[in-house]
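Since the structure comes first, as structure tokens, the remarks are kept for the end.
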Number of protein chains: 2
Amino acid sequence: MQIGDLSRATGVNIETIRYYERAGVLPPPARQSNGRRSYGAADARRLGFIRHARELGFDLSSVRVLLALQEQPEASCEDASRIAQSQLEAVESRLARLLSLRDELSRMISECGRGRVSECRVIEALAAGQTQPHG
Amino acid sequence: MQIGDLSRATGVNIETIRYYERAGVLPPPARQSNGRRSYGAADARRLGFIRHARELGFDLSSVRVLLALQEQPEASCEDASRIAQSQLEAVESRLARLLSLRDELSRMISECGRGRVSECRVIEALAAGQTQPHG
DNA sequence: CTTGCTCCTGTAGTTACTACAGGTTCTAGC
DNA sequence: GCTAGAACCTGTAGTAACTACAGGAGCAAG
């Protein structure tokens, strides 16, 4: 499998695959006699794992830890669970934040009189925010 | 007001204030005779506006547009409303995505047997994801 | 044998900052 | 007047996770 095939198989950009190799989450693959990268099914599985973890919001350093854990099946599961737990907490706090943003944006839009900017609630809402406390 | 005062007044990092000047969202301020930046109340208001917009998830190019609109009060409100509307849509889609991530993470964690990695549902859940379609 | 595709390396650009190096200026205390 | 230490200045580089491009090589088809 050349890099283009792996890209099509996994939906991951070619440049991103090479980036993952530089970043140390994909091992340097074997090379064909002409110097081109040669991948196998294991690489596709690993890349699929990485892609899914990234889509779940794990950063590459967490992915590295998860991959290392995966390679020692006798190790404890707690590290993986802890990473997922902290990821869940981050997701919960992003959720709470986004919910309040949605409310504020909805309110801004519904209050916009569709008149002149001087009467526009959108800009006023943004300007008003500066006096409110923020955590 | 020197840059440090403005920073304390708005809660925006000094380096970030200088960055905003380079990025063209804060106008280059007057300088004291010693070359130091000198700000007024209008700058603090503008920076508060920028900060609030950034907290709402607007990127700097949207902030630039909103600021430009703000400066021509005779213009139509529709541009501002449209920016807020597209922002709302982005927030809604991020919300939907995060909600499903939360469910998947919760499930992963609750199914983790807290045994060996070989039985770990967290890693398995990530590996399994690769065969599922993603939009 | 030329066109065009895929691949290679290496570097620079992206966003929104943040951090540092190396230098100047101001302020307070002695 | 002198010195220590803030606070400020410019300019550059680092961050994450890519993305894009320059410039060159190999390969397959017509």
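Below, chain A is the first sequence line, B the second, and so on; all start at residue 1. No hydrogens, no waters, no symmetry mates; every other heavy atom, side chains included, goes into these values. Just so we're clear, the structure is a prediction, and the values are computed from it rather than from any experiment.
- Atom CD in B:Gln32 sits roughly 9 Å away from atom P in D:dC8 (whole-Å rounding).
- A sub-4.0 Å separation between OP1 or OP2 of D:dC18 and a side-chain N or O of A:Arg54 is present.
- Straight-line distance from the CD atom of A:Glu21 to the P atom of C:dC7: 14 Å, rounded to whole Å.
- Along DNA chain C, the nucleotide nearest A:Arg8 and the nucleotide nearest B:Ser61 are compared for position; the residue whose nucleotide lies closer to the 5' end is A:Arg8.
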Name the atoms and distances for all side-chain donor-acceptor pairs under 3.5 Å in residues 27-35 of chain A, with sequence neighbours left out.
unit_1	atom_1	unit_2	atom_2	d
A:Arg31	NH1	A:Gly35	O	2.8
A:Asn34	OD1	A:Arg36	N	3.0

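- Side-chain nitrogen and oxygen atoms of B:Thr16 include none within less than 4.0 Å of the OP1 or OP2 phosphate oxygen of C:dA16.
- Side chains of B:Ser106 and B:Asp103: a donor-acceptor N/O pair is absent below 3.5 angstrom, by distance only.
- Within the 4.5 Å cutoff, side-chain heavy atoms of B:Arg54 are placed close to those of B:Leu60.
- Within the nucleic acid shown, B:Arg18 comes within 4.0 Å of at least one base atom, counting heavy atoms only.
- Rounded to whole angstrom, the span from the CD atom of A:Glu15 across to the P atom of C:dT6 amounts to 13 Å.
- The side chain of B:Arg31 lies closest to D:dC9 when the candidates are D:dC9, D:dC21, C:dT18.
- Residue B:Gln2 contributes atom CD, which lies 13 Å from atom C1' of C:dT24 at whole-angstrom precision.
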What's touching nucleotides 24-29 of chain D from the protein side, N or O pairs under 3.5 Å?
unit_1	atom_1	unit_2	atom_2	d
D:dC27	OP1	A:Asn34	ND2	3.4

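- When the nucleotides C:dA19, D:dA17, D:dC8 are ranked by their closest atom to the side chain of A:Leu60, D:dA17 comes out on top.
- We find that CZ of B:Arg22 is positioned 11 Å from P of D:dT12, with the value rounded to whole Å.
- The separation between B:Ile17 atom CD1 and D:dA7 atom P is 14 Å, rounded to whole Å.
- Not one side-chain nitrogen or oxygen of A:Tyr19 sits closer than 4.0 Å to the OP1 or OP2 atom of D:dA16.
- Under the 4.5 Å side-chain criterion, counting only non-hydrogen atoms from C-beta, B:Tyr39 is not in contact with B:Leu47.
- For C:dC17, the OP1/OP2 oxygens have a side-chain nitrogen or oxygen of B:Tyr20 closer than 4.0 Å.
- A distance-only check finds no donor-acceptor pair linking the side chain of B:Arg51 to the backbone of B:Gly11 [under 3.5 Å].
- Residue A:Arg51 has no polar side-chain atom (N or O) positioned under 4.0 Å from OP1 or OP2 of D:dC18.
- Between A:Ile50 and A:Thr10, every side-chain heavy-atom pair lies at or beyond the 4.5 Å cut-off.
- Checking D:dA17, D:dC8, D:dC21 against the side-chain heavy atoms of A:Asp59 singles out D:dA17 as nearest.
- The shortest distance between side-chain heavy atoms of B:Val63 and B:Tyr20 does not fall below 4.5 Å.
- Taking atom CG on A:Asn13 and atom P on C:dT6, their separation rounds to 13 Å, with Å as the unit.
- Between A:Ile14 atom CD1 and C:dT9 atom C1' there is a gap of 15 Å when expressed in whole angstrom units.
- Contact annotation: B:Arg37 reaches the phosphate of D:dC9 (side-chain N/O to OP1 or OP2, under 4.0 Å).
- Minimum interatomic distance between B:Val25 and B:Arg64 (heavy atoms only, all atoms of both residues): CG1-CG, 3.6 Å.
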